[in-house]
S.K.: 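Structure in structure tokens, see below.
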Number of protein chains: 2
Amino acid sequence: MTDQLMTIREMCDAFDVTARTLRFYEQKELISPIREGQKRLYTRKDRGRLKLILRGKRFGFSLEEIRQLLDLYSLGDGQTTQYLRTYEIAQKHLADLEARRDELNDVISDLKEQLQWGEQRLSQINEKDVSA
Amino acid sequence: MTDQLMTIREMCDAFDVTARTLRFYEQKELISPIREGQKRLYTRKDRGRLKLILRGKRFGFSLEEIRQLLDLYSLGDGQTTQYLRTYEIAQKHLADLEARRDELNDVISDLKEQLQWGEQRLSQINEKDVSA
DNA sequence: AGTGGTATTGACGCAAACGTAAAGGAACGT
DNA sequence: ACGTTCCTTTACGTTTGCGTCAATACCACT
């Protein structure tokens with residue numbers, strides 16, 4: 001299985017984060033590894049959550065916002081009582097993400113235009129250099 | 001024209017930021033409004049830059065990174081000596097942005113799956129309620 | 001018993017990105 | 001002249017997200 005337990009060091013190497021970071025996330029209740037005596041052991045679930053945390057950070061979410069998002073993925077076991085609310089929140093998040101993607105596409109288009117404009121200027125300069 | 005000059009308050013209202021934020025960005029040389037006596041007056045150019053700043057923040061860029069991106073858009077006047085370096089930086093940013101968009105699309109797909117899964121659970125519950 | 005490697009819990013430090021007074025100038029109406 | 005409103009600079013405070021010791025503990029060798 002992929003249910004391999006990993007030490008903190010293995011996690012650091014695998015995800016390119018420091019041990020301090022992992023303990024910090026744990027303190028903020030973003031992940032909750034098993035304790036074998038003193039040592040922490042990270043499960044597949046922890047790895048999944050960490051992956052989402054790092055993703056969230058890349059998109060400018062605060063750790064607190066990420067914690068809320070993580071809760072979305074951690075149901076399937078608990079009662080469905082609160083699920084309707086969660087569902088609505090998730091819908092909003094989805095809309096937000098899609099808006100972000102659209103905006104990101106716009107930014108990419110703009111940047112590409114700028115670069116093409118720059119390329120033309122560069123080629124003009126090169127022509128000058130050659131003809132001089 | 002849209003070359004209307006705006007006061008700091010008008011900017012705050014238009015972009016939903018505080019005056020402190022605008023002054024802070026100015027101190028960091030992200031924007032550079034005109035000075036009429038004591039007061040700041042923001043041009044169309046300033047508004048364009050602010051828009052990009054806020055966009056950048058939404059995607060998790062630091063202000064320092066945003067400053068570099070802004071420099072891309074503000075050439076066309078200065079020397080092209082440094083442009084090659086800037087061009088390379090821009091290429092990297094572009095690749096980064098496209099990777100982000102792809103990742104964002106993955107996240108959106110995942111979330112949609114989760115939601116559909118949730119919808120099925122909800123409809124099952126509703127059936128129970130009806131048959132009870 | 002000593003040495004080395006890895007983990008753990010504090011605790012303090014720090015940069016980024018502003019918030020929040022404090023104190024004062026400039027323009028305006030009355 | 002006075003109060004009000006809007007802006008200014010200066011400067012200290014705060015939160016987030018970790019970095020960086022310091023002291024301690026566990027385990028494996030030798």
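The sequence lines fix the lettering, A, B, ..., with proteins before strands; numbering per chain opens at 1.
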S.K.: Looking at side-chain heavy atoms only, is the closest gap between B:Met11 and B:Arg40 below 4.5 Å?
M.R.: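 No, side chains not in contact.
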
S.K.: To the nearest angstrom, how far is B:Met11 atom CE from D:dC6 atom C1'?
M.R.: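 From B:Met11 CE to D:dC6 C1': 17 Å.
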
S.K.: Using every non-hydrogen atom in the two residues, find where A:Val17 and A:Cys12 come nearest and quote the distance to one decimal.
M.R.: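 That closest heavy-atom pairing would be O-CB, 3.1 Å.
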
S.K.: Please confirm whether the shortest side-chain N or O distance from A:Thr18 to OP1 or OP2 of D:dC18 is below 4.0 Å.
M.R.: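 No, because none of the side-chain N or O atoms of A:Thr18 sits under 4.0 Å from OP1 or OP2 of D:dC18.
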
S.K.: Using side chain to side chain donor-acceptor pair (under 3.5 Å) as the criterion, list what pairs up with A:Gln91, not counting sequence neighbours.
M.R.: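 Testing A:Gln91 for side chain to side chain donor-acceptor pair (under 3.5 Å), a comparison that skips the adjacent residues, returns A:Tyr87.
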
S.K.: Quick one: salt bridge (charged side-chain N to carboxylate O under 4.0 Å, His left out) pairs with a partner in residues 93-102 of chain B, sequence neighbours left out?
M.R.: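 Output for this query lists A:Lys112-B:Glu98, B:Asp96-B:Arg100.
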
S.K.: Figure out the CG/C1' separation between B:Leu41 and D:dT8, and round it to whole Å.
M.R.: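 B:Leu41 atom CG is separated from D:dT8 atom C1' by 13 Å.
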
S.K.: Under the salt bridge (charged side-chain N to carboxylate O under 4.0 Å, His left out) rule, collect the residues that match up with A:Glu64, sequence neighbours excluded.
M.R.: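 With neighbours one apart ignored, the set is A:Arg67.
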
S.K.: Whole angstroms only, please: what is the CD-C1' distance between B:Glu10 and D:dT5?
M.R.: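 Nearest whole value for this atom pair: 15 Å.
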
S.K.: Counting N and O atoms only, with roles assigned by atom type, does the side chain of A:Asp46 sit under 3.5 Å from a partner on the main chain of A:Thr43, one being a donor and the other an acceptor?
M.R.: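 The answer is yes, because a donor-acceptor pair under 3.5 Å joins these two groups.
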
S.K.: Provide a list of protein-nucleic acid N or O atom pairs under 3.5 angstrom, restricted to nucleotides 14-17 of chain D.
M.R.:
{"residue": "D:dG17", "atom": "OP1", "partner": "A:Leu63", "partner atom": "N", "Å": "3.0"}

S.K.: In chain order, what residues pass the side chain to side chain donor-acceptor pair (under 3.5 Å) check against B:Ser32, with sequence neighbours excluded?
M.R.: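 Counting only residues at least two positions away or on another chain, B:Ser32 forms no side chain to side chain donor-acceptor pair (under 3.5 Å).
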
S.K.: Check every strand shown and say whether B:Arg40 touches a base, only sugar-phosphate, or nothing at a heavy-atom separation below 4.0 Å.
M.R.: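 It contacts sugar-phosphate atoms only.
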
S.K.: Look at all strands and tell whether A:Arg9 reaches a base, only sugar-phosphate, or nothing, counting heavy atoms closer than 4.0 Å.
M.R.: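 Touches sugar-phosphate only.
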
S.K.: Suppose we screen for salt bridge (charged side-chain N to carboxylate O under 4.0 Å, His left out). Which residues come up paired with A:Arg58, at least two apart in sequence or across chains?
M.R.: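 For A:Arg58, the residues satisfying salt bridge (charged side-chain N to carboxylate O under 4.0 Å, His left out) (neighbours in sequence not counted) are B:Glu103.
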
S.K.: For a 4.0 angstrom threshold against heavy atoms of chain B, report the outermost contacting nucleotides of DNA chain C in 5' to 3' order.
M.R.: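 In short, chain B contacts DNA chain C from C:dA17 to C:dT20.
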
S.K.: For nucleotides 20-27 of chain D, tabulate all protein N/O to nucleotide N/O atom pairs closer than 3.5 Å, reporting atom names and distance.
M.R.:
{"residue": "D:dT20", "atom": "O4", "partner": "A:Arg20", "partner atom": "NE", "Å": "3.2"}

S.K.: Measure across B:Tyr25 and B:Lys57 and return the closest heavy-atom pair with its distance rounded to 0.1 Å.
M.R.: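 In terms of heavy atoms, the two residues are closest at OH-CD, 3.5 Å.
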
S.K.: Just jot down the side chain to side chain contact (heavy atoms under 4.5 Å, CB included) partners of A:Thr18, sequence neighbours excluded, or say none.
M.R.: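 Partners of A:Thr18 by the side chain to side chain contact (heavy atoms under 4.5 Å, CB included) criterion, ordered by chain and then number, come out as A:Arg20, A:Thr21.
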
S.K.: I'd like to check the salt bridge (charged side-chain N to carboxylate O under 4.0 Å, His left out) partners of B:Asp110; sequence neighbours left out, ordered by chain and number.
M.R.: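 Expected list: A:Arg55.
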
S.K.: Let me know the distance between CD of B:Glu26 and C1' of D:dC7, rounded to the nearest Å.
M.R.: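 Interatomic distance, CD of B:Glu26 to C1' of D:dC7: 13 Å.
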
S.K.: Side chains of B:Leu104 and A:Leu97: does their closest heavy-atom pair fall under 4.5 Å?
M.R.: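 Touching, per the 4.5 Å side-chain cut-off.
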
S.K.: Between the opening five pairs and the closing five pairs of the helix from C:dA1-D:dT30 to C:dT30-D:dA1, how far apart are the helix axes, to 10°?
M.R.: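 About 10° separates the two local helix axes.
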
S.K.: If the condition is side chain to side chain donor-acceptor pair (under 3.5 Å), which residues does B:Thr7 pass it with, not counting sequence neighbours?
M.R.: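 Testing B:Thr7 for side chain to side chain donor-acceptor pair (under 3.5 Å), a comparison that skips the adjacent residues, returns none.
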
